Amino acid sequence: MSTPRRILVTSALPYANGPIHIGHLVEYIQTDIWVRFQKLRGNECIYICADDTHGTAIMMSAQRTQCTEEQWIKQIQQEHMRDFAGFQIEFDNYGSTNCPENYALCKEFWQAFKDAGLIEQREVTQLFDDQQGIFLADRFVQGSCPHCDAEDQYGDSCDQCGATYSARELKNPTSTLTGSVPIEKSADHLFIMIEQLHEFLSDWSQSGEHLQTEIANYLQGHFLHEPLRDWDISRPAPYFGFEIPDHLGHFWFVWWDAPIGYIASTQQYCARTGGDLNSWWKNIDTEIHHFIGKDITYFHTLFWPAMLKVADYTLPTKVHIHGFLTVGGKKMSKRDGTFIKAETYLKHVDPTYLRYFYASKLNGKVDDLDLNIEEFVAKVNSDLVGKVVNLASRTAKFVQELGLATKYPDDGGLFAQGAAAGEAIAEAYESCNYNLAMRLIMELADEANPYVETHEPWKLRKDPARQDELQNICTVAINLFRQIIIYLSPVLPELVEKTESLLGEQLNSWEQAKIPLTGSPVAKFNHMLKRLEKKDLQTMIDETREENDAQAADAAKSMANPPAESTENQPAPPETDDAATEPTVDHPYSDSDQPLKDEPLADEISFDDFMKVDLRVARVVKAEHVEEANKLLKLTLSLGGDETRQVFAGIKQAYDPADLEGRLVIMVANLAARKMRFGLSEGMIAAAGPGGEEVFMLAIDEGALPGQRVH
RNA sequence: GGGCCCGUAGCUCAGUUGGUUAGAGCAGGGGACUCAUAAUCCCUUUGUCGGCGGUUCGAGUCCGUCCGGGCCUACCA
């Protein structure tokens with residue numbers, strides 16, 4: 001065997017502003033599997049992580065719950081660690097970016113940048129919330145677009161006309177924190193002139209060794225083709241973070257200290273275990289592997305390598321970037337109950353299932369991966385229960401008294417074949433192509449079950465003269481099972497423990513899959529894995545929905561000072577920053593979900609589909625009762641000029657014709673005419689509501705003209 | 001508008017440096033078994049490999065183009 005590799009592995013630091021959900025878990029499970037695999041192979045490997053604890057959002061959360069930031073992040077960290085443990089994610093050290101080790105390292109990196117002459121001071125004018133005493137990041141300001149006057153736009157760009165601008169250009173700006181009108185205020189900021197590292201970053205990122213090709217292309221296309229912009233690395237007080245020693249009153253931006261937290265957490269690991277930090281972070285013989293989501297790519301592939309380079313630390317061997325989780329083909333959503341917290345999942349469903357399912361979907365690419373409920377159930381039950389566990393469950397009890405044969409019997413080469421497959425499976429794990437690894441392993445299970453089938457141990461059992469034969473058959477079956485469990489052990493640690501109890505043997509090395517187990521006793525077989533029931537998943541989803549409803553109700557109660565909360569980050573691990581975090585203000589209204597239940601959303605359409613519908617502003621020039629009709633009014637609509645349409649609208653119980661004449665409505669102008677009992681209807685009026693008296697027509701703001709199209 | 005990724009059986013996907021009649025699992029259909037968690041085993045149906053054009057003796061695999069899906073980013077690439 002080759003000499004053991006020395007490998008340091010990290011997952012992105014989860015932001016200490018919200019709970020872990022199943023989207024986060026894609027990454028932590030992916031990483032945990034990789035780490036367990038490396039350890040199983042005999043490599044020296046440590047898994048390092050920590051909570052990311054600094055920044056404005058944390059400050060706001062602490063304020064809202066009326067505790068100190070330290071109290072807040074401590075509690076969140078405990079929740080995070082509890083949830084990770086629940087999913088059998090095993091860190092060698094789990095720290096916090098808010099620790100003395102991290103501060104010291106931040107200073108060291110800072111000094112290196114100063115020595116290299118890469119820091120520059122400049123004055124920046126920003127909007128400032130006087131009431132809160134805080135500078136406002138773009139996403140914390142709302143106002144009207146300076147170009148098209150669209151209302152309620154954020155401070156960076158307009159989602160109506162697409163214009164980009166600075167927050168200071170917004171008309172009638174308000175702070176989303178307090179609702180007050182922000183003022184302009186200047187402050188000094190410190191910038192890193194990262195352009196000076198351009199050549200290094202091009203070489204490093206384009207070498208083909210460290211990044212997936214699509215990521216390298218992305219960096220080239222978006223950043224490296226032009227001079228790199230200076231990086232604003234400081235934030236003026238108040239800010240929850242580390243104060244910059246030689247610029248008191250200013251703090252390092254959270255993205256400075258967050259990745260350095262990887263090193264700080266390693267340092268804690270070394271202190272605890274008597275190791276040497278430099279042997280991990282300043283040693284070209286140590287591999288460094290970062291696992292991250294695609295949302296934080298450029299922090300880890302541009303800024304972070306630059307920081308390591310300047311401070312003279314080892315550069316990452318590989319940055320493994322994964323996509324987001326979708327559920328049922330759609331983004332996770334609170335409304336659908338698919339925004340499932342780790343905690344909620346664990347109340348209803350075995351974590352083993354999710355670990356296996358993610359493993360079966362992960363392929364080492366940046367593609368998003370989908371959790372489909374039906375597929376989830378089918379895969380887990382068919383593969384794990386039906387194929388793998390079944391092997392033990394159908395044979396173990398036959399040899400409970402006999403134990404395993406002392407000599408491994410002739411099995412027609414099955415075990416040897418499984419042993420030979422080990423290298424291909426290992427390669428698949430190594431390259432994060434777990435999907436392939438799972439397929440290769442299941443092929444082995446597909447060979448093993450027919451073996452049992454054709455040798456019919458249940459018949460031999462009844463014949464006292466053929467007990468040796470029975471023992472041999474079961475020895476083979478149990479060994480094939482054991483081999484499969486070893487290969488699956490990075491994914492399913494719990495199943496390994498159960499197998500260890502069954503066989504009275506520690507399974508902790510990949511090599512064990514090459515040598516059959518013989519002559520040892522077999523314990524009483526206990527159920528290893530329940531079948532996954534769809535109804536358990538449904539219960540979990542229902543509960544998630546209820547949690548969200550309750551949360552919305554709470555938010556409505558405490559709407560006096562709407563908090564800026566950012567727990568709704570996309571599935572990927574949200575190490576976060578002011579710009580990347582979308583502080584989705586949980587809106588204060590608690591509208592019922594009934595209308596959507598009554599009439600679920602229609603299938604998605606393309607833009608072109610939408611454009612087929614020609615909606616027009618029209619003026620009601622005449623409105624009359626239709627005597628024999630219960631629901632209909634006969635309207636004459638003008639599209640301007642001589643263009644008029646006769647439309648029968650089912651709004652009789654809701655509107656008095658006299659009130660309608662003269663007002664503007666929205667009509668579907670290109671709908672095929674329809675012959676009705678009372679005449680021809682040449683279009684429809686746009687309105688909402690269940691019907692009867694509850695019909696509400698669309699109104700349009702002053703200034704719109706009949707005939708104008710609605711876009 | 002630009003960039004990247006993707007488009008193979010009903011579903012999830014494999015298809016190695018282009019090479020013979022395109023595969024697996026699941027689902028579906030038929031049969032067998034009863035040790036096992038209504039698990040297992042055997043047999044079995046299905047594909048204009050998104051469309052078109054090109055290179056080649058030969059293309060799912062290379063090139064061009066178009067259509068469709070996703071993501072990223074914008075009057076910069």
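In the text below, chain A, chain B and the rest are named by the order of the sequence lines, each starting its count at 1. Not measured: the values here are computed from a predicted model.
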Determine, stepwise, if the pair A/H289 / A/H320 fulfils ring-ring contact (aromatic ring centres under 6.0 Å, His included).
-> CA-CA 7 Å; A/H289 293 259; A/H320 306 264; 5.2 Å; yes
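- Straight-line distance between the C1' atoms of B/U55 and B/G68: roughly 26 Å, to the nearest whole Å.
- In this structure, A/R461 and A/R439 both approach RNA chain B, and ranking their closest nucleotides by distance from the 5' end singles out A/R439.
- Pairing for B/U61 is absent, with no Watson-Crick or G-U wobble pair whose two atom distances lie under 3.5 Å.
- Distances were taken from every side-chain heavy atom of A/D383 (C-beta onward) to each of B/C72, B/G25, B/U37; the shortest belongs to B/G25.
- A salt bridge links A/R394 with A/E453: the distance from a Lys NZ or Arg NE/NH1/NH2 to an Asp or Glu carboxylate oxygen falls below 4.0 Å.
- The residue A/F398 sits close only to the backbone: its heavy atoms come under 4.0 Å of sugar-phosphate atoms, none of a base.
- At a threshold of 4.0 angstrom between heavy atoms, the contacts of A/I215 with the nucleic acid are absent.
- Look at CZ on A/F223: it is 12 Å from C1' on B/A74, rounded to the nearest Å.
- Relative orientation of the A/W510 and A/Y487 rings is tilted, given thresholds of 30° and 60° on the angle between their planes.
- Between the P atoms of B/C11 and B/G58, the separation comes to 33 Å (whole Å).
- For the pair A/I321 CD1 and B/C72 C1', the interatomic distance rounds to 13 Å; values are reported in whole Å.
- Looking at the side chain of A/S393, the nearest of the listed nucleotides B/G25, B/C26, B/A36 is B/A36.
- The side chain of A/E453 lies closest to B/C35, out of B/G25, B/C35, B/C26.
- Residue A/N449 is in sugar-phosphate contact alone, with no base atom involved, counting any heavy-atom pair closer than 4.0 Å across all strands shown.
- Checking B/C13, B/U37, B/C71 against the side-chain heavy atoms of A/N435 singles out B/C13 as nearest.
- Distance check on atom P: B/G60 versus B/U16 gives 13 Å, rounded to whole Å.
- Of the C1' atoms belonging to B/C5 and B/A9, the separation is 24 Å, rounded to the nearest Å.
- The 5' end of RNA chain B is approached more closely, in terms of each residue's nearest nucleotide, by A/K387 than by the other of A/K530 and A/K387.
- No more than 12 heavy-atom neighbours from other residues, nucleotides or ligands sit within 6.0 angstrom of NZ on A/K318.
- Between B/C35, B/C72, B/U12, one nucleotide has an atom nearer to the side chain of A/K397 than all others, and that is B/C35.
- Using a 4.0 Å heavy-atom criterion, one finds that A/V389 contacts the bases of the nucleic acid, with or without backbone contacts as well.
- For the C1' atoms, the distance from B/C76 to B/A59 is 38 Å, rounded to whole Å.
- Side chain of A/K462, nearest nucleotide from B/A14, B/G25, B/C35: B/C35.
- In this structure, B/A9 makes no Watson-Crick or G-U wobble pair, since no nucleotide meets both defining distances under 3.5 angstrom.
- For B/U40, the paired base is B/A32 (Watson-Crick or G-U wobble, both distances below 3.5 Å).
- Of the P atoms belonging to B/G47 and B/G10, the separation is 9 Å, rounded to the nearest Å.
- At whole-Å resolution of the value, OH in A/Y356 and P in B/C26 are 11 Å apart.
- Put simply, CD on A/E443 is 9 Å from P on B/G25, counting in whole angstrom units.
- The listed nucleotides are B/C41, B/C5, B/U37; the one nearest the side chain of A/H527 is B/U37.
- Rounded to an integer number of Å, the gap from NZ of A/K534 to P of B/A38 is 19 Å.
- Checked for salt-bridge contact, A/D614 and A/R709 meet the test: a charged N lies under 4.0 Å from a carboxylate O.
- When heavy atoms are screened at a 4.0 angstrom cut-off, A/P450 is found touching the sugar-phosphate backbone but no base atom.
- Residue contacts for A/M528: at a heavy-atom cut-off of 4.0 Å it reaches a base atom on one of the strands shown.
- Candidate nucleotides B/A36, B/A14, B/U12 were compared by shortest atom distance to the side chain of A/N390, and B/A36 ranks first.
- Across B/U56 and B/G19, the matching C1' atoms stand 12 Å from one another, rounded to whole Å.
- Nucleotides B/U40 and B/G25 have their C1' atoms positioned 16 Å apart, rounded to a whole Å.
- The CD1-C1' distance, from A/I373 to B/U12, rounds to 15 Å in whole Å.
- Among the nucleotides B/A36, B/C33, B/U37, the one closest to any side-chain atom of A/W458 is B/C33.
- The existence of a salt bridge linking A/K387 and A/D446 is confirmed by a sub-4.0 Å separation between a basic side-chain nitrogen and an acidic carboxylate oxygen.
- For A/K459 and B/U40, the NZ to P distance is 19 Å, given to the nearest whole Å.
- For B/A39, the OP1/OP2 oxygens have a side-chain nitrogen or oxygen of A/R531 closer than 4.0 Å.
- Nucleotide B/G3 holds its P atom 17 Å from the CG atom of A/L224, rounded to whole Å.
- Between A/R355 and A/E494 there is no salt bridge, since no side-chain nitrogen of the basic residue lies less than 4.0 Å from a carboxylate oxygen of the acidic one.
- Nucleotide B/C4 forms a Watson-Crick or G-U wobble pair with B/G70, both donor-acceptor distances falling under 3.5 Å.
- Between the side chain of A/N479 and the main chain of A/L517, a donor-acceptor pair closer than 3.5 Å is present.
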